[in-house]
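Take a look at the structure set out below.
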Amino acid sequence: MTSSVKAILDLKGRDVFTAGPNTTVAEAAVILSKKKIGAIVVVGMENRISGMFTERDLVHAIAKYGKDGLDQTLAQVMTAKVYRCHEETTVNELMELMTSRRFRHVPVESNGKLAGIISIGDVVKSRIAEVEREAEEIKAYIAG
């Protein structure tokens with residue numbers, strides 16, 4: 001039985017670092033550094049997801065605009081096409097999405113609003129726990 005996004009969020013929590021679309025790249029870089037995270041969800045009205053700003057977007061902004069990239073707003077440089085998942089999404093489905101789309105962070109949406117975020121680290125941790133559980137069940141079955 002594969003775990004779901006809900007199970008991961010129930011264990012790790014639903015806290016997400018967010019910023020508005022008018023936040024500057026410099027301000028977002030400070031958040032990424034201080035919080036030791038790789039992504040910020042950009043939210044608009046009513047906590048609705050409007051984009052993602054990741055370390056990769058930071059690099060692209062600097063490459064495109066030079067030092068002026070730090071003065072750009074997140075709306076100008078964020079990834080606007082955001083793939084989302086839902087609490088019912090399985091870990092296997094999420095692994096497939098993250099691998100095929102090359103994402104390390106996927107926001108969780110519930111009723112059109114931000115409900116959490118899942119990182120590739122969360123997925124790996126969940127999958128390892130699942131494999132360990134299966135191994136223990138096999139051992140117990142064999143031991144009788």
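To the nearest 0.5 angstrom, Arg127 atom CZ is 13.0 Å from Leu94 atom CG. Rounding to the nearest 0.5 angstrom, the gap separating the CG atom in Leu97 from the CG atom in Asn92 is 12.5 Å. One distance of note links SG of Cys85 with CD of Glu109; it measures 9.5 Å at 0.5 Å rounding. Thr73 OG1 to Glu27 CD: the interatomic distance, rounded to the nearest 0.5 Å, is 10.5 Å. Atom OG of Ser3 sits about 8.5 Å away from atom CG of Leu11, to the nearest 0.5 Å.
For Leu114, the side chain to side chain contact (heavy atoms under 4.5 Å, CB included) partners at least two apart in sequence or on another chain are Val16, Thr18, Val41, Val43, Asn47, Ile49, Pro107. A search for side chain to side chain contact (heavy atoms under 4.5 Å, CB included) contacts involving Lys35 returns Phe17, Ile31, Ile37, not counting sequence neighbours.
The side-chain hydrogen bond (donor to acceptor under 3.5 Å, both in side chains) pairs that include a residue from residues 53-67 are Thr54-Asp57, Asp57-Thr79, where partners are two or more places apart or lie in different chains. The list of side-chain hydrogen bond (donor to acceptor under 3.5 Å, both in side chains) pairs with a residue in residues 110-121, not counting sequence neighbours, reads Ser119-Asp122. For the ring pair (Phe, Tyr, Trp, His ring centres under 6.0 Å) condition, the pairs that include at least one residue of residues 85-129, sequence neighbours left out, are Tyr83-Phe103.
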Atom pairs and distances, side-chain donor-acceptor, residues 137-144, under 3.5 Å, sequence neighbours left out:
none

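Within 6.0 Å of NZ in Lys6 there are 12 or fewer heavy atoms belonging to other residues, nucleotides or ligands.
Salt-bridge annotation for Glu130 and Lys125: absent, with no side-chain N of the basic residue lying under 4.0 Å from a carboxylate O of the acidic one.
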